[in-house]
Amino acid sequence: MKGEPVVIIGSGGHAKVAIELIRAEAKYQIAGCTGLVEGDFVLDNVPILGNDSVLSAVLTGGVTKAFIAIGDNRLRVKLLAHAREIGFELINAVSPNAVISPSATLGKGIAIMAGAVINACAHIGDGAIVNSNATVDHDCFLSNGTHICPGSALAGNVKIGSESFLGTGACVIPGVRIGDRAIIGAGSVVIRDIPDDMMAMGVPARIIRAVTTSFS
Ligand code: JB2
C-alpha cells in the first residue's frame with residue numbers, strides 16, 4: 001500500500017463512503033477505523049482498531065492524519081475538536097466527481113460526495129458534509145459541522161448555521177439565513193429565514209417545533 005496513513009473516526013455508513021472517497025484520491029492509505037464495536041471490519045478489509053481511546057496510540061504509532069466519518073453533526077464536531085486537540089491533522093474527503101469552483105473556500109475535515117456542485121465564492125466550513133448531487137450556489141456560507149443531504153439545492157447567498165441539517169432534496173431560495181443546529185425536513189422548500197434550534201418542513205417550509213438534542 002502506498003500513501004500517507006489516515007485513521008477514520010467512525011465505522012458505519014458514512015465511514016464506508018468516506019473510505020472510498022479517500023481511496024479515490026490515491027495519496028492516502030486507510031490505517032483503520034475507530035468505532036463502538038471492536039475487532040470488526042468496514043467494507044472489504046478496513047479494521048476497527050477499537051474505540052476512540054486508541055487514538056493517542058495510533059498517533060504515536062505514526063498515523064498523523066484523521067477523518068471524522070460520523071453523520072451526527074454535533075458528535076462529528078465534538079470528535080473533530082478532540083482529534084485536533086490530541087494532534088491529528090484533519091484531511092478532506094472530496095469526490096473526483098464533484099465540481100468545485102476555484103474561488104470556493106474549503107475548511108478541514110469536510111466530505112464532498114459525487115455529483116456535488118460548489119459554485120463561486122461559496123464557503124464550506126470545517127466538518128461539513130455536502131452529500132451526493134447537492135448544489136451550493138455562489139456566495140453561500142456553510143458553517144462548521146453542517147450537513148447538506150443528497151440532492152439538496154442552495155441558491156445563491158444562502159447561509160447555513162453551524163451543525164444544521166438540510167434533509168434530502170430540500171431547496172433554499174436565494175439569500176435565506178438558516179440558524180445554528182436547525183433541521184430542515186426532506187423535500188422542504190425554504191423561502192424565509194429559520195432561527196437557531198428550530199425544525200422546519202414543508203412547501204413552503206414552516207417551523208414545526210424547537211429541536212431537542214439527541215446527543216450530549
Ligand atoms: O463516539 C464515537 C461513536 N459513536 C458512534 N466514536 C466513534 N469513533 N464512533 C462512534 N460511533 C460509530 O458511528 C458507531 O460505532 C457506528 O459504527 C457509527 C454510526 O453508524 P451509522 O451507519 O448509524 O451512521 P453514520 O454516522 O456512519 O452515517 C449516518 O450519516 C451519514 C451522513 C447515516 O445516517 C448515513 O445514512 C448518512 N449517509
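Atoms within a ligand are numbered from 1 in the order they appear, just like the ligands themselves. In this chain, residues are counted from 1 in sequence order. Note that the structure is a prediction, hence the values are computed from the model and not measured.
Under the 4.0 Å distance rule, the nearest protein heavy atom to atom 20 (O) of ligand 1 falls inside the cut-off. Less than 4.0 angstrom separates atom 2 (C) of ligand 1 from at least one non-hydrogen atom of the protein. There is no protein heavy atom less than 4.0 angstrom from atom 33 (C) of ligand 1. In this structure, atom 37 (C) of ligand 1 has its sub-4.0 angstrom surroundings free of protein heavy atoms. Atom 28 (O) of ligand 1 is approached by the protein to below 4.0 angstrom, counting heavy atoms only.
For ligand 1 and His147, the ligand atoms under 4.0 Å from any heavy atom of the residue are 32 (C). Set against the non-hydrogen atoms of Gly13, the atoms of ligand 1 under 4.0 Å away are 21 (P), 22 (O), 27 (O).
Between the side chain of Asp40 and the main chain of Ile48, no donor-acceptor pair closer than 3.5 Å is present. Looking at Ser188, its side chain never comes within 3.5 Å of a backbone N or O of Ala170 through a donor-acceptor pair.
For atom 30 (O) of ligand 1, the candidate residues are Gly71, Gly12, Ala18; the nearest heavy-atom contact is made by Gly71. Of all the listed residues (Leu36, Thr168, Thr34), Leu36 holds the heavy atom that lies closest to atom 11 (N) of ligand 1.
Hydrophobic clustering places Ile100 together with Val158 (ILVMFWY residues linked when any side-chain heavy atoms are closer than 4.5 Å, directly or through intermediates). Residues Ile148 and Met198 are members of one and the same hydrophobic cluster, defined by side-chain heavy-atom contacts under 4.5 angstrom among Ile, Leu, Val, Met, Phe, Trp and Tyr. Placement of Val172 and Ile207 within a single hydrophobic cluster is found when ILVMFWY residues are connected by side-chain heavy-atom separations under 4.5 Å, directly or transitively. Side-chain heavy atoms closer than 4.5 Å link hydrophobic residues (I, L, V, M, F, W, Y) into clusters, and following such links, even through other members, never connects Val99 to Val136.
For Asp52, every heavy-atom contact with ligand 1 shorter than 4.0 Å involves the side chain, none the backbone. With a 4.0 Å heavy-atom cut-off, ligand 1 is reached by no atom of Asn51.
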Worked verdict on Thr146 versus Phe165 for side-chain contact (heavy atoms from CB on, under 4.5 Å): CA-CA 6 Å; Thr146 50; Phe165 176 92; over 6 Å; no

Report the C-alpha distance between Asp52 and His82 in whole Å, list the side-chain angles of each, state the deciding distance to 0.1 Å, and finish with yes or no for side-chain hydrogen bond (donor to acceptor under 3.5 Å, both in side chains). CA-CA 10 Å; Asp52 297 331; His82 176 65; over 6 Å; no

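Using a 4.5 Å cut-off on side-chain heavy atoms (C-beta onward), Ile110 and Val130 make no contact.
The aromatic rings of His14 and Phe67 sit tilted, their planes meeting at an angle between 30° and 60°.
The closest protein non-hydrogen atom to atom 35 (C) of ligand 1 is His14 N, 4.7 Å. Distance from atom 17 (O) of ligand 1 to its nearest protein heavy atom, with residue and atom name: Ser11 OG, 3.0 Å. Taking atom 13 (O) of ligand 1 as the reference point, the nearest protein heavy-atom neighbour is Ile70 CD1, 3.5 Å.
Ligand 1 has no nitrogen or oxygen under 3.5 angstrom from a nitrogen or oxygen of Val37.
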